Amino acid sequence: MNILIQDAKNHVGQEVTIRGWMYNKRGSGKIWFLELRDGSGFMQGVVAPPAASPDVMQAAEKLVMESSVKVTGKVAAHPKFKDVYEMQVNGIEIVHVCEEEYPISKKEHGPDFLLNNRHLWLRSRKQWAIQRVRDVVIQAVYDFFHKNGFIKIDTPILTPNACEGATTLFEIEYFDEGTVYLSQSGQLYLEAAIMSVGRAFDFGPTFRAEKSKTKRHLTEFWMMDAEAAFVEHEESMEIQESMICAIVERVLRDCLPELTILERNLEPFKKIKTPFTRLTYTEAIEKLHSLGSDIKFGEDLGNDDEGLLTQDSDVPVFVHKWPKAIKPFYMKTDPTNPELVCNDDLIATEGGGEIIGGSQREDSYEKLKAAVEKEGLKGTEYQWYLDLRKYGSVPHSGFGLGLERVVRWLTQAEHIRETIPFPRLMERVRP
Ligand code: AMO
């Protein structure tokens, strides 16, 4: 019977076959320990007589690192470690023996070498664990939204209008229609969709021609945008913090083997509870000054500033109500101060940096039209967006969560490039 390693616990004492790869081997001609992986987990296969015939011993000898195999044997609980299973092997079917030595060995490799070999590096234990956490975060987000009345609306990737500023657009010539851009965010389209479905989210690749070589910037990243009708600034932050707690709980529940491989300290995780800290931008600047930062009012927060704001906090920190001058055209002006907007950035603990950007959207036709014009945006491309404020306009808010930023925070990956299977950075688009 073929099984997945993740189900081995249900087959103790039975003879089963696992289909996978041998990533390491120890032993001598008398006994071999095969370290096997099949994508669902890891398992040791012990190859020794009498269970293993001389032919099976020979097959084990032939296997080199990353050869693919089907291995049959009896499952046993590991004598020392809880929840670990091994196999007493009595059959080996070799699927493919590597023709050359596998390039990624146990020795230290530099980042360039690893990135050039990303197609192989993905098989490494740590990279495997990070991709599994990523998958669980995606599931948690879908579940959270469906439970809270949001439906998934797929927004277009090819768009004639900019959402997040003209400086980071990737351009494409689109037949006779002129220049279009790769989407920076599905937000504007979701705003149209919620006037039909009330609450919506999307989850897809977004693109920014960012000339930033930081550990937190990709040029292609996956963003989950959410939008909700009748939800105002405060309620939007409540949705955001509940979503982050749902993600953290799910990862703690489903990813313990992965977090163990990543040597992730679970204690800070357990402290992530609502309500998150809320600081207005003005309060944040004052706090930063008191902590020795020389940031000026009206400047964006740098990496160090974000670190200072969260260093003494067990929970992520909202910095909200930013100066209008440094934020996008669609944000709603703060009714209590026309220089500010009703927006928020959510800064993660443990050096995670900004993981969410959100805001209440301007719902007045006149104010939004003026903002589009002031920004120098091509008015005709935004007429449909302005229309939303002409027909049954409602207060509404939304936010965008950067999937890779969240995965980096949760896994404590050194660099964001490890959190996406094939990273696209300013200087890298291969493999
Ligand atoms: P914003 O520009 O703040 O907001 O982006 C939302 C979130 O996306 C992530 N992010 C990135 N991740 C990796 N590499 C990048 N270059 C990058 N840029 C942004 C961050 C950020 O918090 N339209 C709004 C969202 C909304 O209000 O609905 C927007 O795009 O985690």
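We count ligands from 1, going down the list as the structure has it; atoms in each ligand are counted the same way. Computed from a predicted structure; not experimentally measured.
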Side chain, backbone, both or neither: which applies to [X] and ligand 1 if a contact is any heavy-atom pair less than 4.0 Å apart?
X    : result
R405 : side chain
W409 : neither
H217 : both
F399 : backbone

Quiz prompt | Face-on cation placement of R208 at F221 ring, 6.0 Å and 45° thresholds | solution = no
Quiz item: Crowded around R19 CZ? As in, over 12 foreign heavy atoms under 6.0 Å?
Solution: no
Quiz item: Nearest 0.5 Å, what's the OG1-CG distance between T349 and D314?
Solution: 8.0 Å
Of all the atoms in ligand 1, which lie at a distance below 4.0 Å from a heavy atom belonging to [X]?
X    : result
I355 : 22 (O), 31 (O)
D225 : 25 (C), 26 (C), 28 (O)
R216 : 13 (C), 14 (N)

Exercise. State, with a plain yes or no, whether a side-chain heavy atom of R389 is found less than 4.5 Å away from one of E191.
Key: yes
Practice problem: Tell me which one of R361, E227, R408, M223 gets a heavy atom nearest to atom 28 (O) of ligand 1. | Solution: R361
Quiz item: Got a donor-acceptor contact below 3.5 angstrom from the W21 side chain to the D38 backbone?
Solution: no
